[in-house]
Colleague: 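Take this structure, written in structure tokens, and hold onto it; I'll ask about it next.
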Protein chains: 2
Amino acid sequence: MSPQEKLDTRTRIVLAAMELFWAKGYNSTSVADILSRTQLNAGSLYHVFPGKQDVLVAVLEFYRDGIQENLLDPAWEGVDDPIERIFALLDRYRWMIVETDNTYGCPIGSLALELHEADPVVRELLAINFTNWAGAIERCLEEAGERLPAELDRRALSEFVLTTMEGGVMQARTYRDVAYFDRGVAALRDHFDMLLVRAAGRQAMA
Amino acid sequence: MSPQEKLDTRTRIVLAAMELFWAKGYNSTSVADILSRTQLNAGSLYHVFPGKQDVLVAVLEFYRDGIQENLLDPAWEGVDDPIERIFALLDRYRWMIVETDNTYGCPIGSLALELHEADPVVRELLAINFTNWAGAIERCLEEAGERLPAELDRRALSEFVLTTMEGGVMQARTYRDVAYFDRGVAALRDHFDMLLVRAAGRQAMA
DNA sequence: GGAAGGGTTGAACGCTCATTCAAATATCGG
DNA sequence: CCGATATTTGAATGAGCGTTCAACCCTTCC
């Protein structure tokens, strides 16, 4: 018995579509792909969802609602220091890159660039997923308190961490080489080190 | 008379396809789209190109061969300082974002994420385009000489500049707001400022 | 046991897609 | 001006797409 078989139809579709959209992209995933993977028939899918795009919306809502349990909690297990948590999260992406033979792509980032004329509902969900990701980083930065310069724009830096992840993932996949991701993270680490030094200097003066 | 009409068939196709792939993506651009824009018939296209993917290859070669004239030269006009050139290039992207009502996407980056199972030839061309872009930045970093720390990994930093651009463009487009790009560039500027300070400190000691 | 209705079946539909090709036309060397 | 070669025409093809729907199954409740 497949592990999906106890789940309800809607959930089975969302899980299958999540994997397929991630692996092949939205446009390259056909409804038939989703049906064959879930062993369902067209009517069942269209009984639950008005159309293919509504499946995408459900997938993006799933990412949005599961970021804590599915991404942050696993990445931060046993890591307490707020700044190390940031790099632990990046390390989790590194792990996913390696695990997929350097073909990993951030599902949100890939969809954001693939869907050129995205429906407003879809675009807003992509944006919310980015916001939640960066928001989690921003909370780490706030927790770091005085270790970082007081005047530092914490929101900007949290977005910059997201940028580092997305850019690193993009290059690692294009070159099929994690080293590109690693060098990006190393540059970000350098950035943090310099910020920490700057803040420590200010602290010492006061 | 359309400005394209004096050009040969192959060039007309490549130029039209370049625009369409950029605006709609590769998969969402049909051969019929290219034909209607060039006012050609299917047979003409297939006389020049074996198939749609070969048009993509030609487009990527066009980007590869034109980076100096079409991207770097315009961006660096009147800018001599090597570090300012880096930010002048980023500013050119900012301009394109604004010009497209915050819908701009880097053609290479978008294709890199859209094409999940890209043909090796295509992937290599995407990688070469990235390499050339980062290579141009790396030359700026080398020109900056002792202004940057001696031990700095210039290749890593040039890739980090690319990361900043790609991540900023991705977020600006998703949120339909240049401010996301601006904050990314500001963070990178901060990074450079700290590197310059670090190098200046080392210089003073010697 | 039977009516009701949520859920499923899977063939069929209309459309778009990339691609083909025989025929027509343009170009050019001799 | 002719013949050969290069290029263009545009209808046709078959595969795949998202979606529909009448018929059917199965649970639930009286």
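To find a chain, count down the sequence lines: A is the first, B the second, and so on, and within it residues start at 1. What you see is a predicted model, and the numbers here were worked out from it, not measured in a lab.
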Colleague: Tell me the interatomic distance from A:Leu40, atom CG, to C:dT8, atom P, rounded to whole angstroms.
Modeller: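 Value for this atom pair: 7 Å.
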
Colleague: Run B:Glu143 and B:Arg139 through salt bridge (Lys or Arg N to Asp or Glu O under 4.0 Å) and show every step you take.
Modeller: CA-CA 6 Å; B:Glu143 253 189 84; B:Arg139 263 175 276 123; over 6 Å; no

Colleague: Within the supplied structure, the quantity of interest is the number of heavy atoms (other residues, nucleotides, ligands) at a distance under 6.0 Å from A:Gln68 CD; does it exceed 12?
Modeller: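 Buried by this count: over 12 neighbours within 6.0 Å.
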
Colleague: Can you list everything that forms a ring-ring contact (aromatic ring centres under 6.0 Å, His included) with B:Phe49? Sequence neighbours excluded, please.
Modeller: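 For B:Phe49 there are no ring-ring contact (aromatic ring centres under 6.0 Å, His included) partners, ignoring immediate neighbours.
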
Colleague: Measure from CG on A:Leu45 to C1' on C:dT9 and round the result to the nearest Å.
Modeller: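 Interatomic distance, CG of A:Leu45 to C1' of C:dT9: 14 Å.
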
Colleague: Are B:Phe160 and A:Phe160 an aromatic pair, judged by ring center distance below 6.0 Å?
Modeller: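 A:Phe160 vs B:Phe160: aromatic centres under 6.0 Å.
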
Colleague: In whole Å, what is the span from the CD atom of A:Gln39 to the P atom of C:dT9?
Modeller: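 In whole Å, C:dT9 P lies 10 Å from A:Gln39 CD.
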
Colleague: Which whole-number value in Å describes the distance from A:His47 NE2 to D:dA23 C1'?
Modeller: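 Distance check: A:His47 NE2 to D:dA23 C1' gives 15 Å.
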
Colleague: If I take atom CZ in residue A:Arg10 and atom P in nucleotide C:dT8, what distance separates them, rounded to the nearest angstrom?
Modeller: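 The distance from CZ of A:Arg10 to P of C:dT8 comes to 13 Å, rounded to the nearest Å.
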
Colleague: Grab the CD1-P distance between A:Ile34 and D:dG16 for me, whole Å please.
Modeller: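 It works out to 17 Å between those atoms.
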
Colleague: Kindly say if B:Asn41 contacts the phosphate of D:dT8, meaning a side-chain N or O under 4.0 Å from OP1 or OP2.
Modeller: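 No, B:Asn41 has no side-chain N/O under 4.0 Å of OP1/OP2 on D:dT8.
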
Colleague: So does B:Glu151 pair up with B:Arg198, basic N to acidic O under 4.0 Å?
Modeller: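 Counted as a salt bridge, because a side-chain N and a carboxylate O are separated by less than 4.0 Å.
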
Colleague: Could you give the CG-to-C1' distance, from B:Asp8 to C:dA26, as a whole number of Å?
Modeller: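 Going from B:Asp8 (CG) to C:dA26 (C1'), I get 16 Å.
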
Colleague: Please list, for nucleotides 14-19 of chain C, all pairs of protein and nucleotide N/O atoms separated by less than 3.5 Å.
Modeller:
residue	atom	partner	partner atom	Å
C:dA18	OP1	B:Thr29	O	3.3
C:dA18	OP1	B:Val31	N	3.4
C:dA18	OP1	B:Lys52	NZ	3.0
C:dA18	OP2	B:Val31	N	2.6
C:dT19	OP2	B:Tyr46	OH	2.9
C:dT19	OP2	B:Lys52	N	2.8
C:dT19	O5'	B:Tyr46	OH	3.4

Colleague: Output the rounded distance in Å from CZ (B:Phe49) to P (D:dT7).
Modeller: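 After rounding, the gap between these two atoms is 13 Å.
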
Colleague: Could you give the distance from NZ (A:Lys24) to CD (A:Glu114), rounded to the nearest 0.5 Å?
Modeller: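 If we round to the nearest 0.5 Å, A:Lys24:NZ and A:Glu114:CD are 11.5 Å apart.
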
Colleague: Distance check: side-chain N/O of B:Thr9 vs OP1/OP2 of D:dT8, anything under 4.0 Å?
Modeller: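 Checking D:dT8 against B:Thr9, a side-chain N or O does come within under 4.0 Å of OP1 or OP2.
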
